[in-house]
Amino acid sequence: MSDNEMKLEIKSKSSNEAFARVVVAAFASQLDPTIEELADIKTAVSEAVTNCIIHGYDGKEGTIHIHCRLEGRELEIEIIDYGKGIENIEIAKQPLYTSKPDLDRSGMGFTIMESFMDEMKVESIVGVGTKIKMRKEIGEAV
Amino acid sequence: MICEYTKDNRELTIKFSGEIDHHTCDVIKVKSDYEIQKYMPKKVVFDFKDVKFMDSSGIGMLIGRYKQILRIGGQAEMVHTSKDIKRIFEMSGIFKIIPLREEASL
Ligand SMILES: Nc1ncnc2c1ncn2[C@@H]1O[C@H](COP(=O)(O)OP(=O)(O)OP(=O)(O)O)[C@@H](O)[C@H]1O
Ligand SMILES: [Mg+2]
């Protein structure tokens, strides 16, 4: 499988959550992932995009960029918003931590991304935005 | 989403379908709360049999409904969680407050 790349720009609308995870899953399909791997990717993307919409942009209009790269059997996903940013990333990443319990959030998004992908990194600057970088190796080595 | 209420045991079954995410939870929350307030059930059973996708929005949505159910003195239970959904719920520890009904006892 040769290397590949795609970029997607969407508005921060909740109806785009399903669209974004299906597009990334379709892109990842080139690597012949298992049904479980596809479900993991869809869930992780859904978490990151939902966070951009709810937290990054506080429900207001904004732009979300999704950048995917395939290299060998590795899928790399970047999900970026230009919203309010995260003050303390370590606290934000803790299981069950949420800044919006009133909106019925559970604080499990980062924990799910971390456990469903091989690697998850958060870069964020307050007032500038947040970038989530995730990697996952797809399929078995032959 | 289908809701079914049985009078004799005052049990409300809320059967979700399709995808549970931040977008679809808006409608799910309004509909569930309406049914819970309408019947004031003793027990609410959340059925995940027809759910094709769920992310963390499902956990928060259930905890929110659970608070409603507690307020009216009811109990809650889940059934038919697929492997994927079960994994997400297990991570959050939600089964401690809304237990999973074993298939055998159905
Ligand atoms: N893109 C973002 N921009 C700003 N803050 C963010 C962003 N993503 C996450 N956060 C912060 O990190 C916290 C934890 O995120 P996480 O996804 O783990 O939980 P949650 O979104 O609050 O709840 P859940 O994902 O379970 O619905 C959020 O409550 C928010 O304060
Ligand atoms: Mg989240």
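Order of the sequence lines fixes the chain letters, A, B, ..., with proteins taken first and strands second; residue numbering starts at 1 for each chain. Small disclaimer: the values here were computed from a predicted structure and weren't measured. The figures that follow rest on heavy atoms only: side chains count, while hydrogens, waters and symmetry mates do not.
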Show, in sequence, the C-alpha distance, side-chain angles and deciding distance for B/His22 and A/Glu17, and conclude whether the side-chain hydrogen bond (donor to acceptor under 3.5 Å, both in side chains) test is met.
CA-CA 8 Å; B/His22 165 235; A/Glu17 291 157 4; 2.5 Å; yes
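Taking OG of A/Ser46 as the start and CD1 of B/Ile20 as the end, the distance is 11.5 Å to the nearest 0.5 Å.
Using a 4.0 Å cut-off between charged side-chain N and carboxylate O, B/Glu19 and A/Arg21 make a salt bridge. Remark: A/Asp40 engages B/Arg87 in a salt bridge, criterion side-chain N to carboxylate O under 4.0 Å.
Using a 4.5 Å cut-off between heavy atoms, A/Leu96 touches chain B through its side chain atoms alone. The part of A/Ile54 that comes within reach of chain B is its side chain, from C-beta onward, which places non-hydrogen atoms under 4.5 angstrom from that chain. Looking at A/Ser115, the atoms closer than 4.5 Å to chain B (heavy atoms on both sides) sit in the backbone and in the side chain alike. Interface remark: A/Lys13 contributes no atoms to any contact with chain B (heavy atom separation under 4.5 Å). Residue contact with chain B, scored on non-hydrogen atoms closer than 4.5 Å, involves the backbone and the side chain of A/Ala18 alike. With a 4.5 angstrom heavy-atom cutoff, B/Met91 touches chain A via backbone and side-chain atoms both. Interface remark: A/Thr50 contributes side-chain atoms only to the contact with chain B (heavy atom separation under 4.5 Å).
Around the NZ atom of A/Lys93, the shell of radius 6.0 Å holds more than 12 heavy atoms that belong to other residues, nucleotides or ligands.
In this structure, B/Ile88 and A/Phe116 have side chains that are in contact, with non-hydrogen atoms separated by less than 4.5 Å.
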